[in-house]
Amino acid sequence: MPLALVDCNNFYVSCERVFNPKLEGVPVVVLSNNDGCVVSRSNEVKALGLKMAEPWFKVEKLAKQHGIIALSSNYALYGDLSARVMSILSTFTTRQEIYSIDECFLDLDGFDPQSLIAYGQTIRKTIKRNIGIPVCIGIADTKTLAKLANYCAKKQLAGENSVCDFGQLNEMQMSELFSGITAAEVWGVGPRINQKLRAMGIKTIEDLRTATPDKIRNQFSVVLERTINELNGFPCIELEDAETPRQQIMVSRSFGSSVTALEDLIESVAYFATRAAENLRQDGSVAASVCVYIRTSPFKETNQQYQQSKVVPLIRPTDDTMKLVGAALQGLKAIYRSGFYYKKSGVLLLGLQAKETLQATLFDDPASLAKSARLMSTMDAINQKMGAGSLTLAASGIQHRWAMRRENKSPNYTTNWDELPIVK
DNA sequence: ATGCTCCTGCGAA
DNA sequence: CTAACGTTCGCAGGAGCAT
């Protein structure tokens, strides 16, 4: 029955600290793509009151006065460290669900209920020693409660040493604890639902937990009804330890500065479609249609606004980069209008299905399908061996004038030999 | 009345 | 110096349409 939720502390900042000890003990933030918003903060930064998701340009001056170090995000590094953390965590259980880049659930069914805290401490020490990343652990009988226990561990509201097991608390202690936390902290309660709950007088987790599920279902949805049941210890959300292939793949980026020329948009769309196609082949899927979109910046209110998207169906579902890029560019040309300052473009692959289960049709040309498959696996092999982007379509361009800002990125310490710092 | 697809809203990290 | 505000995914539920 019991589950653990393991969550890495300030994950991106912690990853940077593993390879740069000078960042230890000082205020550090990691910015989102395009150096746009604050997405990871060290404890020192949280103590200064800097908020999550704050646009960097708004706080940059103040942050620098406090000596805050701002790093561009380095997803190659975070992804690699995440895989290592997850791999070690998998050895502590028979069933693991990787929920996000820095979180996973572990099934602790069958363990001695009295020894779970000690087990949690062992897990923490192992991750810290083997990878260098600090984690918090919440343990309870449902996913929603495990998330909450994790929150309590992190905030030191219950449990100790970053591990909190709700199994150790009695009814009284639970309701006292829940009376002191706002409903907004519950997994599944976002800003909108929280606002509506408050208007109904439901302010704390205890208020939410003791609400009538039927009424909540009518006023909100079946999702929130399940949340209430989960808060009361009745599991409604299964552990999903089997990986399911994605249903859609999206690659989009804001540009470093705005773009007006069709040529630049073509480059970016070809580039994003190429990335999307690589992800698609990794999943072993094919796409039935491609959606392309472009937009101006909604924050530049004085500029003329324009946003448009177009879905281009494919004659036959495919994972061929050239066909996918071709469809994306066809869509782009249909929606492009001159005279706007474009700030973002993106490509979505839709109608995904497993490549093996794809039905053959009367009009298939087996020879050309085989040729496409060989070409794609050759491209992937070359890029695998020589580094990402070694072999690309000319349509993706070389200059990338639209490339995102990334002014302070750390080296790819674990995924690129050329970026290893040389110790002399 | 039922079932499908498409689209929007919401939440999550 | 100026301009500068993320990305990707899934689910629920309603609209619209066909049967």
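Throughout, a chain's letter reflects where its sequence line sits, starting with A, and its residues are numbered from 1. Hydrogens, waters and symmetry mates are skipped; everything else that's a heavy atom, side chains included, is used.
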### Message
Counting C-beta onward and ignoring hydrogens, is there a side-chain heavy-atom pair between A:Asn10 and A:Arg41 closer than 4.5 Å?
### Response
no
Quick check: do A:Leu3 and A:Leu239 have side-chain heavy atoms less than 4.5 Å from each other? yes
Can you confirm whether the side chains of A:Glu230 and A:Thr144 place a donor and an acceptor under 3.5 Å from each other? yes
Notebook entry, point to check: Does a donor on one side chain sit under 3.5 Å from an acceptor on the other, for A:Asn279 and A:Gln282?
Noted result: no
Are the side chain of [X] and the backbone N or O of [Y] linked by a donor-acceptor pair below 3.5 Å?
{"X": "A:Gln305", "Y": "A:Lys300", "answer": "yes"}
{"X": "A:Arg124", "Y": "A:Val135", "answer": "yes"}
{"X": "A:Ser268", "Y": "A:Leu265", "answer": "yes"}
{"X": "A:Thr142", "Y": "A:Pro235", "answer": "no"}

Could you go through the side chain to side chain contact (heavy atoms under 4.5 Å, CB included) check for A:Cys37 and A:Met52 one step at a time? CA-CA 8 Å; A:Cys37 298; A:Met52 183 67 171; over 6 Å; no
Expected list for residues 193-216 of chain A near DNA chain C, using heavy atoms below 4.0 Å, is none
Within residues 320-340 of chain A, those residues having any heavy atom closer than 4.0 Å to DNA chain C are none
Please determine whether a side-chain nitrogen of the Lys or Arg among A:Glu103 and A:Lys154 lies less than 4.0 Å from a carboxylate oxygen of the Asp or Glu. no
DNA chain B: first to last nucleotide in contact with chain A (atom under 4.0 angstrom from a heavy atom), 5' to 3', is B:dC10 to B:dA13
Practice task
Write down the distance separating the C1' atoms in B:dA12 and C:dG6, rounded off to the nearest Å.
Solution key: 14 Å
Exercise. Just call it for A:Val186: base, sugar-phosphate, or nothing, with non-hydrogen atoms closer than 4.0 Å on any strand.
Key: sugar-phosphate
Classify the nucleic acid contact of A:Phe11 as base, sugar-phosphate or nothing, counting any heavy atom under 4.0 Å across all strands shown.
nothing
Per-nucleotide protein contact along nucleotides 2-11 of chain C, 5' to 3', at a 4.0 Å heavy-atom cut-off (B base, S sugar-phosphate only, - neither), is --BBSSSSSS
Applied to residues 127-146 of chain A, the ring pair (Phe, Tyr, Trp, His ring centres under 6.0 Å) test, sequence neighbours excluded, yields none
On a heavy-atom basis, the closest approach of A:Leu224 and A:Ile193 is CD2-CG2, 3.9 Å
Sequence neighbours excluded, the answer for side chain to side chain contact (heavy atoms under 4.5 Å, CB included) partners of A:Glu60 is A:Trp56, A:Lys64
